[in-house]
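Here's the structure we're looking at; comments come further down.
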Protein chains: 2
Amino acid sequence: MTAPRGPGKRAGITLRDILDAAHGLLKAKGHEGLSMRAIARVLGVAPNALYSHTPSKQALIDELLDDVLAAVPSPTEEDATQALSTMMTSTYDTLLRHGELVPLFLARQGARGRNAWRLGDQMLLLLERAGVDAEAAREAQRVLIVYTIGFAAIAAQSTVEVGATARLQPRDLRQNFMTGLEWLLRGVTGQQ
Amino acid sequence: MTAPRGPGKRAGITLRDILDAAHGLLKAKGHEGLSMRAIARVLGVAPNALYSHTPSKQALIDELLDDVLAAVPSPTEEDATQALSTMMTSTYDTLLRHGELVPLFLARQGARGRNAWRLGDQMLLLLERAGVDAEAAREAQRVLIVYTIGFAAIAAQSTVEVGATARLQPRDLRQNFMTGLEWLLRGVTGQQ
DNA sequence: ACCTGAACACCGTTCAAGT
DNA sequence: ACCTGAACACCGTTCAAGT
């Protein structure tokens, strides 16, 4: 609407703007609508302007994923097993609040950013506090992460899916998630 | 190498040829190398020739995924819980034998073809035979499927990943998978 | 029914140049 | 450092036409 910028004129775009625009596109048009060119269109810049702020589309997606994980709170419970349960459930809820992103999480397997690291570290600490030795804790960590992201993916899809015979309610799926989580935690901590 | 075909000349391509070419590309160049145009190039036909055999790329991928599941054998054990364990482990192994496909499985969440149906039905039957009532069986089914595909995804990636600090051995991951599977089955069947 | 030629409406990314 | 213009090398899919 304003006069087009020539080369050298700055648009004042930040990485935050790009992430927000990407998130908006994802929510509005799904993961097929997420393209570098579409993001640029939203921000009113040339497509290649984005490359001044991110090296690639994949790097941008990684940033986006880790951004979401920032919302997962650190658990405060005394009991380590209880804290683990809360932590995984919080992660599940946070992922579902950004259902459009979950398929991307799956493809990348849980993101490698700083927030993913923080959560992973906390899991290991809690597992060791629950009496699991270091090596077994790494195994348990993998099991719990896979389970949580995988279940979030099912739940995220069921909110989109329309033709399903028996409509799955988010509440039921969350309960389903927690049931399986309890089984796993019981196994992890060796409680019979 | 031979003289180019004009319009109306048949290449004699079948859906099987297309699926094999797609699989070959996936193995050779990864999932980024899988394009309709690349498949057509391999088969020596025009890109749009593929649309005489499949309605879309997504439909082709779905077919590819279900194709892989055909290799999962039906378990023969007497004990239902044992049969379930075998079935999930066979699925895990089969998925890993086609590691290139696992990310696509995640994106589609386990395929919707006839082989996926067959396996899903068998799971439900075994779960009910193990004393799980119909509704709980559906829950358990979701838990087991998510867990199996999710873990296969981790293992499939670890064979590609090079920069990992502690190299994960396929054997260790398979053992890790089975450990978690036992926890889940113990929970599912209500055994203390 | 199965195939080609040509086209439509896109992609991600790079490179040189402007301020 | 941040941006544009132009280009490169691609995509999936459709449409009309040929046999």
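This is a predicted model, so every value here is computed, not measured. Lettering follows sequence order; numbering is per chain, from 1.
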[X] [atom1] to [N] [atom2], straight-line distance once rounded to whole Å:
X       : N      : atom1 : atom2 : value
B:Glu32 : C:dG12 : CD    : P     : 12 Å
B:His31 : C:dG12 : NE2   : C1'   : 14 Å
B:Leu50 : D:dC11 : CG    : C1'   : 13 Å
B:Ile61 : D:dC11 : CD1   : P     : 14 Å
A:Tyr51 : D:dC2  : OH    : P     : 17 Å
B:Met36 : C:dC11 : CE    : P     : 19 Å
A:Ile18 : D:dA1  : CD1   : P     : 16 Å

Any side-chain donor near an acceptor of the partner, A:Gln122 and A:Ser74, under 3.5 Å: yes
Modelled atom types, side-chain donor and acceptor of B:Thr14 and B:Asp17, under 3.5 Å: yes
Hphob cluster co-occupancy, B:Tyr147 + B:Leu124, side-chain heavy atoms under 4.5 angstrom: no
Common cluster, B:Leu50/B:Leu15, ILVMFWY with side-chain heavy-atom separation under 4.5 Å: yes
Does a side-chain N or O from [X] land closer than 4.0 Å to OP1 or OP2 of [N], or not?
X       : N      : value
A:Arg37 : D:dC10 : no
A:Ser52 : D:dC3  : no
B:His53 : C:dC3  : yes

Mate of D:dC2 where both pairing distances stay under 3.5 Å, Watson-Crick or G-U: C:dG18
Opposite nucleotide pairing with D:dC11, Watson-Crick or G-U, both atom distances under 3.5 Å: none
C1' atoms of C:dC8 and D:dC11, separation to the nearest Å: 12 Å
Separation between the P atoms of C:dA9 and D:dA9, rounded to whole Å: 23 Å
Between [options], spot the one nearest the side chain of [X], thanks.
X       : options                : answer
B:Pro47 : D:dC3, D:dT13, C:dT13  : D:dT13
B:Ala49 : D:dT4, C:dT13, C:dT4   : C:dT4
B:Arg41 : D:dG12, C:dC11, D:dC11 : D:dC11
A:Ile13 : D:dC3, C:dC11, C:dC3   : D:dC3

Most 5' of A:Ala38 and A:Pro55 on DNA chain C, judged by nearest nucleotide: A:Ala38
Name of the residue among B:Met123, B:Gln82, B:Glu77 meeting side-chain contact (heavy atoms from CB on, under 4.5 Å) with B:Met87: B:Met123
